[in-house]
Structure formats: structure tokens, C-alpha cells
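What follows is a short report on a single structure.
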Amino acid sequence: MDDAHASLPEVPGKDFIREILDEDRRTGKHAGRVATRFPPEPNGYLHIGHAKSICLNFGVAREYGGTCNLRFDDTNPLKEETEYVDSIQEDVHWLGFDWQDRLFYASDYFGKLYDFGETLIRSGKAYVCDLTADDVRAYRGTLKEPGRNSPWRDRPPGESLELFRRMRAGEFPDGSRTLRAKIDMASPNINLRDPALFRIRKAAHHRTGDAWCIYPMYDYAHALSDWIEGITHSLCTLEFEDHRPLYDWCLEALDLPNRPRQIEFARLNLTYTLLSKRKLLQLVTGGHVTGWNDPRMPTLAGLRRRGFTPEALRDFCNRIGLAKRDGVVEVELLEHCLREDLNRRAQRVMAVLDPVRVVLTNYPEGKVEELDAVNNPEDAAQGTRKVPFSRELFIDRDDFREVPPPKFHRLSPGQDVRLRWGYIIRCEEVVKDPATGAIVELRCTYDPATRGGDAPAGRKVKGTIHWVSAAQALAVEVRLYDRLFSAPNPDEAPEGNNFLANLNPSSLVVKAGCRVEPSLGSAKRGEVFQFERVGYFIVDPDSGTDSSSGGLVFNRSVSLRDTWGKIEKKARGA
RNA sequence: UGGGGAGUCGACAAGUGGUAAGUCAGCGGUCUUUGGAACCGCCUACCGGAGGUUCGAAUCCUCCCUCCCCAGCCA
């Protein structure tokens with residue numbers, strides 16, 4: 001692409017952040033340099049909300065010839081773990097972005113952050129406060145009433161300095177003291193009422209071990225880490241909007257040059273989905289899902305296992321736009337992006353999820369034909385494959401109706417239907433279990449003149465269904481996933497309940513004994529297929545290593561658009 | 001009711017004084033060896049409300065209404 005030309009002119013439709021970037025470049029701010037960062041806290045797995053931020057930060061850096069750092073915001077040893085830093089790196093790479101040699105940790109800067117603390121104390125802009133957490137809360141005031149000064153607020157810098165050093169040396173217990181910024185206890189912005197800069201926490205840190213027992217707070221660490229890395233534009237979500245004055249205060253109080261600018265945008269919300277790390281953790285620890293990578297989870301790890309592609313996710317992030325108004329994106333858009341991507345790439349294959357036996361009474365016993373099937377009508381380059389055809393087949397139970405409803409184009413007594421890439425058949429007899437009345441077999445005849453599914457001139461067959469040859473088909477397990485929550489807003493629960501009450505009881509339906517065409521015997525884990533007329537499916541890692549003997553497990557990524565389903569639903573409703 | 005934000009079609013989102021893009025969803029149709037895909041239509045938004053400025057306003061001014069965020073030694 002000619003991105004040099006595409007990004008320079010003022011094209012209408014640019015989001016507000018890119019407009020700011022354009023303006024800054026025009027005015028020569030930061031010498032036209034653009035440096036962003038993606039700053040996750042390693043306290044959970046990345047989810048699709050983070051994908052929006054990743055695509056923004058890395059995307060903007062790429063478009064403006066700048067850089068984007070990956071920085072772990074690891075200032076709270078109580079919640080952070082190495083497992084999370086590993087998964088985050090894997091997920092960012094998988095999404096398609098690279099921080100090259102710019103992998104950083106806020107904990108890399110603990111020494112500098114400490115020194116900045118001493119500087120603030122010396123200049124009278126910070127003090128050591130002996131108030132307990134409860135005291136601080138009491139002194140803080142309320143949204144409407146101003147707070148009161150801490151009795152330690154005017155402690156001489158020399159005394160604060162000594163205390164701060166002793167805090168660092170581990171001489172005081174957790175929670176006994178903090179280093180606080182001296183700003184304004186009467187500020188209408190509560191974040192400015194002498195916020196804590198450092199707290200005592202005698203806990204092992206996943207990277208620095210027990211080298212430190214005081215840890216910097218987010219606002220302080222974040223602003224200064226941005227500055228240390230030479231970040232020019234610090235993009236974050238709306239809830240940090242009223243932290244911006246504090247972000248700026250930290251940089252100004254230290255009189256730092258070339259200050260980064262914090263810009264806030266609306267975080268992603270998705271219908272039928274929870275995007276809160278805390279609640280996702282709860283789903284994991286509570287056993288409501290099998291783990292962070294459960295295919296029903298909105299985590300990148302879960303989406304990946306569900307069959308989402310990085311391309312589909314990036315496309316989604318581009319389509320949802322970027323603005324300051326908070327809203328809720330419908331999951332249907334996400335599903336659309338997946339279908340659109342998979343439609344052009346996924347190989348077609350035939351799979352019968354709920355098999356019912358079909359016997360072709362006029363087809364020779366023991367005969368097996370190899371018929372040609374097109375792998376992907378959207379992409380001729382994907383070629384063709386052979387599928388075996390014989391006297392005994394399986395079709396989906398759903399594709400037969402003893403008494404067909406209006407507009408039903410599939411198999412029913414006396415009716416013709418085309419077997420995809422096979423023959424046109426007609427149902428002559430329905431065999432039922434005398435005890436239960438359940439259909440156990442359909443006895444049909446085939447038309448030898450229609451090999452490959454070709455209808456002779458003038459003959460029209462309304463329906464085409466998928467099938468597998470009984471003897472050659474592979475038995476597999478199929479996991480039908482659906483949305484995890486049955487309410488558009490999972491948090492909107494009946495009185496006395498929480499989001500757990502909205503868990504969708506049928507978010508996972510496991511179907512054993514499904515039959516797929518034998519070509520799938522060579523399918524690899526992570527490969528995605530379209531089961532014709534059904535949906536897109538990915539080979540799950542749970543699949544046995546020896547897939548030729550079965551043991552294949554497929555996850556439904558997303559179903560195909562189901563027009564017939566809508567017709568039926570409407571008929572039922574009317 | 002202190003402070004900070006935001007309100008444009010069911011959803012997301014362009015529009016930055018000249019008379020409302022696009023996408024998803026929905027609806028109808030064409031086509032079709034996936035009731036898939038593709039293609040074609042429709043979805044007739046008076047732009048939160050009321051005033052005002054102007055030849056002309058979603059865009060400027062005034063007042064009002066609604067929604068979101070903030071009282072962690074979390075991020």
C-alpha cells in the first residue's frame with residue numbers, strides 16, 4: 001500500500017486520536033516522533049478489550065513511523081504472576097504485533113522511581129505520612145466535602161527523607177506509612193487529595209523478588225515510566241480521565257522535559273460478554289469454565305482456541321471505531337468478522353453431527369466410489385479432494401422430516417434431494433424402532449444419472465444436503481459452543497444475584513459419535529474447517545495425537561448464517 | 001446534590017456552518033450442487049430537549065435533561 005500517501009492527507013473519518021497525532025506532527029511536537037506503549041498489568045490474561053488497545057497502540061505506531069513498547073505495569077506484587085507475563089507476550093505476538101527489543105517492566109524502574117521520590121521530598125512536594133489506611137479514608141473527605149490535611153503533612157523534608165529511607169530498608173510494617181504527594185486536600189478532584197505515591201508491601205515480586213518492600217502506586221509509576229521510555233502519547237481508557245491531572249502533576253513536579261500526553265478513549269464493551277479481568281478470574285477459579293483459554297472466554301487465548309484468527313480480530317478492532325462515548329458493540333459484528341475471514345480461507349468438508357443411517361437400496365453392495373469435491377468455492381487454488389460414496393451413508397437427522405413443513409427443501413418421504421458432490425436420491429421408506437418410534441434408517445434410491453450431483457437438464461432439485469459414507473467415516477467429538485451468558489448485559493442480574501446467574505446453561509454441548517469424512521484423518525490441531533451447511537470448526541488441542549484412529553475433537557467457532565433457522569423460528573412464532 | 005466525561009438510525013460510527021457516510025443487525029429479492037457466499041433493494045435518522053445567532057446549524061451561544069467515571073496504601 002501507499003501508506004505514505006494514505007496517512008498524510010487529512011482523510012475524513014479519522015478517529016480523534018489520529019487527528020491529534022496529525023496535529024502534533026504538523027506542529028512539530030516531539031520533533032514529529034510518535035512513541036506509544038501497551039502497558040498491561042500481568043494479573044490476568046489479555047482479552048478482546050485489550051486487543052482494541054493493542055491494535056490502537058501498535059497500529060498507530062506503525063502508521064506514523066513510530067514505536068510501540070510492551071511494558072508490564074507490575075507495581076503490585078500481590079496480584080502479578082509470571083504465568084501472566086508469558087501469556088501476554090504470546091497473545092500480543094499471536095495478534096500480529098511485535099515490540100522488537102522494547103520489552104520493559106515498570107519494575108525495571110523501581111530504582112529511578114525511588115530516586116524521584118527522594119527528589120520530591122527534598123523539594124517539599126511529597127511527605128511521609130503515618131496515617132493508617134482507615135485514617136487516610138477519614139481525612140480524604142467525600143465527593144462533596146473537602147478533605148483535611150494529614151497531621152504529618154508539614155513534617156520537615158529532612159524527617160520525611162529519613163523515614164522514606166527507613167521505609168525502603170524495611171523498618172516499618174505493611175500499611176504503617178506511605179509517601180504522599182503534597183497537592184491539595186480540598187481539590188474537587190479526589191485524585192489530587194494528597195495521593196499515595198509509595199506504599200509498604202513486604203511481598204515477593206515476580207521479578208525483583210524481595211529486593212523491595214515499598215512499591216510505587218499506579219499514577220506515579222505510570223507517568224514516570226512513560227517519561228523514562230520517551231513515550232509521546234499515552235493512550236488509555238476513559239476511567240483514567242480524572243487521573244490525568246495527577247499524571248501531569250508527577251511530570252511537572254519533577255520538572256521533566258518533553259512530557260508525554262495522556263489521551264483517553266472508550267473501552268470496548270460487547271453484548272453477552274464480560275470484559276473484566278476480575279470477573280473473568282472468578283469464572284476460572286470458580287470452575288465455571290475450564291480455564292483462561294476455555295473457548296467460551298473472551299480472552300485472546302480462549303478466542304484462539306475457539307478458532308478466531310488474528311486477522312478477524314484485527315478487522316473487528318478496525319471496524320468498531322474509536323471514540324470517547326462509551327457504548328456496547330453487538331457480538332454479531334465479531335461473529336461477522338470471523339465468518340468473513342474464514343469464508344475465504346477455511347476448507348470445506350462434510351460432517352454429520354447427528355447421524356441417521358441412509359441405505360441406498362438400488363446401489364450395489366460393497367461398491368465404493370471416490371467422488372470429487374471442491375475444497376473451497378471461494379478459492380479455486382484450494383483444489384479438490386476425493387470423498388468415498390457407498391450404499392450406506394449418514395445424513396443429519398435434521399435434514400429429514402417425515403412430514404415436511406412448508407418450504408422444507410430437504411429429504412422427506414417421496415422427495416428428491418441432492419447429496420452434495422454425490423447423487424440425487426429419493427426417500428422410499430422410513431424405518432422406525434417399533435418400541436420407541438424413533439427413526440433408525442431411511443431407505444432410499446439413487447439416480448445413477450446424477451453422479452457428482454449433476455441434475456439432468458430441466459430437472460431441478462431444491463435441496464442439497466451433506467452426508468458421509470458410513471463405512472469410511474471417522475467418529476469424532478464435536479463441542480458446540482455458544483455465548484457464555486444468556487443476557488445481553490451479563491451484569492444485569494435479578495435482585496440478589498450477580499453475573500453468575502446469567503451463565504448460559506447450554507454454552508457448551510458436547511456431541512459424541514459425530515461422523516466426518518475420512519479426509520479429516522490428517523487434520524492437525526488448530527486447523528479450521530467449514531463443515532458444509534453447519535459452521536466453522538477448529539481441531540482442539542484435546543484431540544488425540546493419533547488422529548487417524550479417531551480421537552479428533554472439534555470446537556465450533558461460529559455457525560453459518562442460518563436462513564432456514566429464521567424461517568422456522570418465524571413459522572413457530574406465527 | 002463536588003469534579004471529570006459523553007449524548008447522531010436497533011448497534012458501532014463519519015460529519016468540525018451549507019442542508020445526515022459507511023458497517024453490523026433486521027427486512028425483501030436475484031443467484032446458487034453449502035437455505036453458505038456473492039449481488040440488488042429497503043431500513044424514509046429531522047442529529048438528547050427547549051430557546052437563540054445566521055440567508056442557512058448536527059455543527060456557534062444559552063438554559064435544561066439523560067447516561068458513564070471518581071471517595072483502593074488496585075490498575
Side-chain angles (χ1 to χ4, degrees), chain A residues 12-15 19 39-41 43 73-76 78-80 129 131-134 136-137 140-147 174-180 187-193 195-201 214-215 217-219 221-222 236-245 264 266 271 277-278 319-337 339-340 343-344 348 350 373-374 377-378 407-410 418-422 424 450 452-455 461-466 530-535 559-568:
Chain A
K14 260 192 185 180
D15 60 73
E19 268 169 17
E41 182 189 13
N43 67 342
D73 220 328
D74 54 351
T75 56
N76 184 355
L78 265 26
K79 293 186 176 174
E80 296 148 8
C129 179
L131 256 25
T132 65
D134 284 341
V136 169
R137 196 172 307 123
R140 186 155 32 225
T142 67
L143 292 179
K144 284 189 284 187
E145 295 151 27
D174 283 11
S176 58
R177 279 175 238 263
T178 53
L179 180 71
R180 293 228 257 164
S187 172
N189 181 344
I190 291 186
N191 296 300
L192 262 24
R193 318 242 262 232
L197 266 23
F198 278 90
R199 78 286 213 179
I200 301 172
R201 258 224 216 322
I214 59 172
Y215 292 92
M217 298 291 291
Y218 165 82
D219 293 289
H222 199 85
C236 65
T237 43
L238 254 26
E239 66 268 30
F240 293 104
E241 213 147 19
D242 42 16
H243 288 240
R244 194 186 334 127
E264 311 83 11
T271 56
K277 273 203 251 180
R278 205 200 94 233
R319 290 194 195 216
I320 56 178
L322 189 69
K324 292 196 72 141
R325 75 180 84 95
D326 41 14
V328 190
V329 175
E330 297 174 328
V331 258
E332 286 82 355
L333 178 60
L334 214 211
E335 295 174 346
H336 169 82
C337 292
R339 288 195 187 101
E340 191 167 78
N343 177 49
R344 359 179 271 269
R348 271 60 171 176
M350 291 195 283
V374 171
E378 302 294 316
K407 294 183 192 160
F408 185 80
H409 298 156
R410 285 113 94 148
R418 172 189 292 113
L419 295 179
R420 176 144 242 228
W421 312 123
I424 292 169
T450 59
D454 292 315
V461 180
K462 277 285 186 75
T464 299
I465 64 174
H466 54 94
Q530 183 196 97
F531 288 180
E532 293 221 32
R533 305 207 309 129
V534 181
S559 62
L560 251 30
R561 285 187 73 235
D562 184 10
T563 308
W564 170 245
K566 279 178 197 162
I567 295 172
E568 263 196 319

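Naming convention: chains lettered A, B, ... in sequence-line order (proteins, then strands); numbering from 1 in each chain. This structure is a prediction, so every number in the text was calculated from the model and none was measured.
Aromatic stacking is not marked for A:Tyr218 over B:A75, as the cut-offs of 5.5 Å for the centres and 30° for the planes do not both hold. Taking a centre distance below 5.5 Å and an interplanar angle below 30 degrees as the stacking criterion, A:His409 stacks against the six-membered base ring of B:G35.
Taking for each of A:Lys324 and A:Asp74 the nucleotide of RNA chain B with the nearest heavy atom, the 5'-most of the two is the partner of A:Lys324. Where A:Pro39 and A:Leu334 each meet RNA chain B at their nearest nucleotide, the meeting point lying more 5' is that of A:Leu334.
Base pairing analysis places B:A6 opposite B:U66; the two distances defining the Watson-Crick or G-U wobble pair are each below 3.5 Å. The partner of B:A11 is B:U23, judged by Watson-Crick or G-U wobble contacts that both fall below 3.5 Å. Nucleotide B:A45 is matched to nothing when pairs are restricted to Watson-Crick or G-U wobble geometry with both distances under 3.5 angstrom. With both pairing distances under 3.5 Å, B:A38 is matched to B:U30 as a Watson-Crick or G-U wobble pair. In this structure, B:C60 forms a base pair with B:G52, meeting either the Watson-Crick or the G-U wobble geometry with both donor-acceptor distances under 3.5 Å.
Taking side-chain N and O atoms only, A:Arg137 has a distance below 4.0 Å to OP1 or OP2 of B:G72. Contact annotation: A:His466 side-chain N/O to B:U34 OP1/OP2 distance is not under 4.0 Å. For A:Lys566 and B:G26, the shortest distance from a side-chain N or O to OP1 or OP2 is below 4.0 Å. Residue A:Arg325 places at least one side-chain N or O under 4.0 Å from the OP1 or OP2 atom of B:A13. Contact check, A:Arg319 against B:A13: no side-chain N or O comes under 4.0 Å of OP1 or OP2. For the OP1/OP2 pair of B:G36 and a distance below 4.0 Å, the side-chain nitrogens and oxygens of A:Thr563 include at least one atom meeting the criterion. Phosphate contact (OP1/OP2 of B:U34, side-chain N/O of A:Arg420, threshold under 4.0 Å): present. In terms of phosphate contacts, A:Arg199 brings a side-chain nitrogen or oxygen within less than 4.0 Å of OP1 or OP2 of B:C74. OP1 or OP2 of B:C73 has at least one side-chain nitrogen or oxygen of A:Arg140 nearer than 4.0 Å. Regarding contacts with the backbone of B:C73, every side-chain N or O of A:Thr132 stays at 4.0 angstrom or more from both OP1 and OP2. Regarding contacts with the backbone of B:G35, a side-chain N or O of A:Arg533 is found under 4.0 angstrom from either OP1 or OP2.
Note on A:Ala133: a base of the nucleic acid sits closer than 4.0 angstrom, heavy atoms only. As judged by a 4.0 angstrom heavy-atom cut-off over every strand, A:Phe408 is placed among the base-contacting residues. In this structure, A:Asp174 reaches neither bases nor backbone, as no heavy-atom distance under 4.0 Å exists between it and the strands shown. When heavy atoms are screened at a 4.0 angstrom cut-off, A:Val461 is found touching no nucleic acid atom at all. A:Ile465 comes within 4.0 angstrom of no nucleic acid atom, judged by non-hydrogen atoms across all strands. No contact: A:Pro146 has no heavy atom under 4.0 Å from any strand. Across all strands shown, A:Gly175 has heavy atoms under 4.0 Å from base atoms, whether or not it also approaches the sugar-phosphate. Counting any heavy atom pair closer than 4.0 Å across all strands shown, A:Thr142 reaches a base atom. Among the protein residues, A:Arg344 comes within range of no part of the nucleic acid, since none of its heavy atoms lies under 4.0 Å from any strand.
A:Thr464 places no side-chain N or O within 3.5 Å of a backbone atom of A:Arg420 that could act as its donor or acceptor partner. A donor-acceptor contact shorter than 3.5 Å is absent between the side chain of A:Arg199 and the backbone of A:Asp174. Looking at A:Asn189, its side chain does come within 3.5 Å of a backbone N or O of A:Asp242 through a donor-acceptor pair. Judged by distance alone, the side chain of A:Lys277 and the main-chain N or O of A:Glu41 form a donor-acceptor pair under 3.5 Å. A donor-acceptor distance shorter than 3.5 angstrom exists from the side chain of A:Arg193 to the backbone of A:Ser187, with no hydrogens or angles considered. With hydrogens and angles ignored, the 3.5 Å screen pairs no side-chain donor or acceptor of A:Arg348 with any backbone N or O of A:Glu532.
B:A57 and B:G17 have their C1' atoms separated by 6 Å, with the value rounded to a whole Å. With both ends at atom P, the span from B:G36 to B:C70 equals 45 Å, rounded to whole Å. B:U54 sits 16 Å from B:U62 when the C1' atoms are compared, rounded to a whole Å. Look at the C1' atom in both B:A6 and B:A37: the space between them is 39 Å, to the nearest Å. Rounded to the nearest Å, the gap between the P atom of B:C46 and that of B:A21 is 13 Å. For the P atoms, the distance from B:A11 to B:G48 is 13 Å, rounded to whole Å. Between B:C65 and B:A58, the distance separating the two P atoms is 24 Å to the nearest Å. Using C1' as the reference atom, B:G56 and B:C9 are 25 Å apart when rounded to the nearest Å.
The side chain of A:Arg418 approaches B:U33 more closely than any other nucleotide in the set B:C73, B:C24, B:U33. Among the nucleotides B:U34, B:A37, B:G35, the one closest to the side chain of A:Glu378 is B:A37.
Contacts of A:Thr450 classified as side-chain contact (heavy atoms from CB on, under 4.5 Å), with partners at least two apart in sequence or in another chain: A:Tyr423, A:Ile424, A:Asp447, A:Pro456, A:Arg459. Applying the ring-ring contact (aromatic ring centres under 6.0 Å, His included) criterion to A:His243, with sequence neighbours excluded, gives A:Phe240. With sequence neighbours excluded, the residues that form a salt bridge (Lys or Arg N to Asp or Glu O under 4.0 Å) with A:Glu264 are A:Arg244, A:Lys324. With sequence neighbours excluded, no residue forms a ring-ring contact (aromatic ring centres under 6.0 Å, His included) with A:His466.
Separating the CZ atom of A:Phe531 from the P atom of B:A37 is a distance of 18 Å, rounded to the nearest angstrom. Atom CD of A:Glu335 is separated from atom C1' of B:A11 by 14 Å (rounded to the nearest Å).
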Name the pairs: protein N/O against N/O of nucleotides 28-32 of chain B, kept only if under 3.5 Å.
{"from": "B:G28", "atom 1": "OP1", "to": "A:Lys570", "atom 2": "NZ", "distance (Å)": "3.3"}

Write out a two-atom table: protein N or O, nucleotide N or O from nucleotides 67-70 of chain B, distance below 3.5 Å.
{"from": "B:C68", "atom 1": "O2'", "to": "A:Asp326", "atom 2": "OD2", "distance (Å)": "3.2"}

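In the interface, the side chain of A:Glu330 is paired with the base of B:G10 through a donor and an acceptor atom under 3.5 Å apart. Counting distance only, with no hydrogens placed and no angle test, the side-chain atoms of A:Arg339 and the base atoms of B:G36 include no donor-acceptor pair under 3.5 Å.
Glycosidic conformation at B:G5 (O4'-C1'-N9-C4 for purines, O4'-C1'-N1-C2 for pyrimidines): anti, more than 90° from 0.
Side-chain contact between A:Arg410 and A:Arg533 is present, with at least one heavy-atom pair separated by less than 4.5 Å. Looking only at side-chain heavy atoms (C-beta outward), A:Glu568 and A:Phe408 stay at 4.5 Å or farther from each other. Annotation: side chain of A:Arg201 is in contact with side chain of A:Asn76 (closest heavy-atom distance under 4.5 Å). Annotation: side chain of A:Met217 is not in contact with side chain of A:Thr178 (no heavy-atom distance under 4.5 Å).
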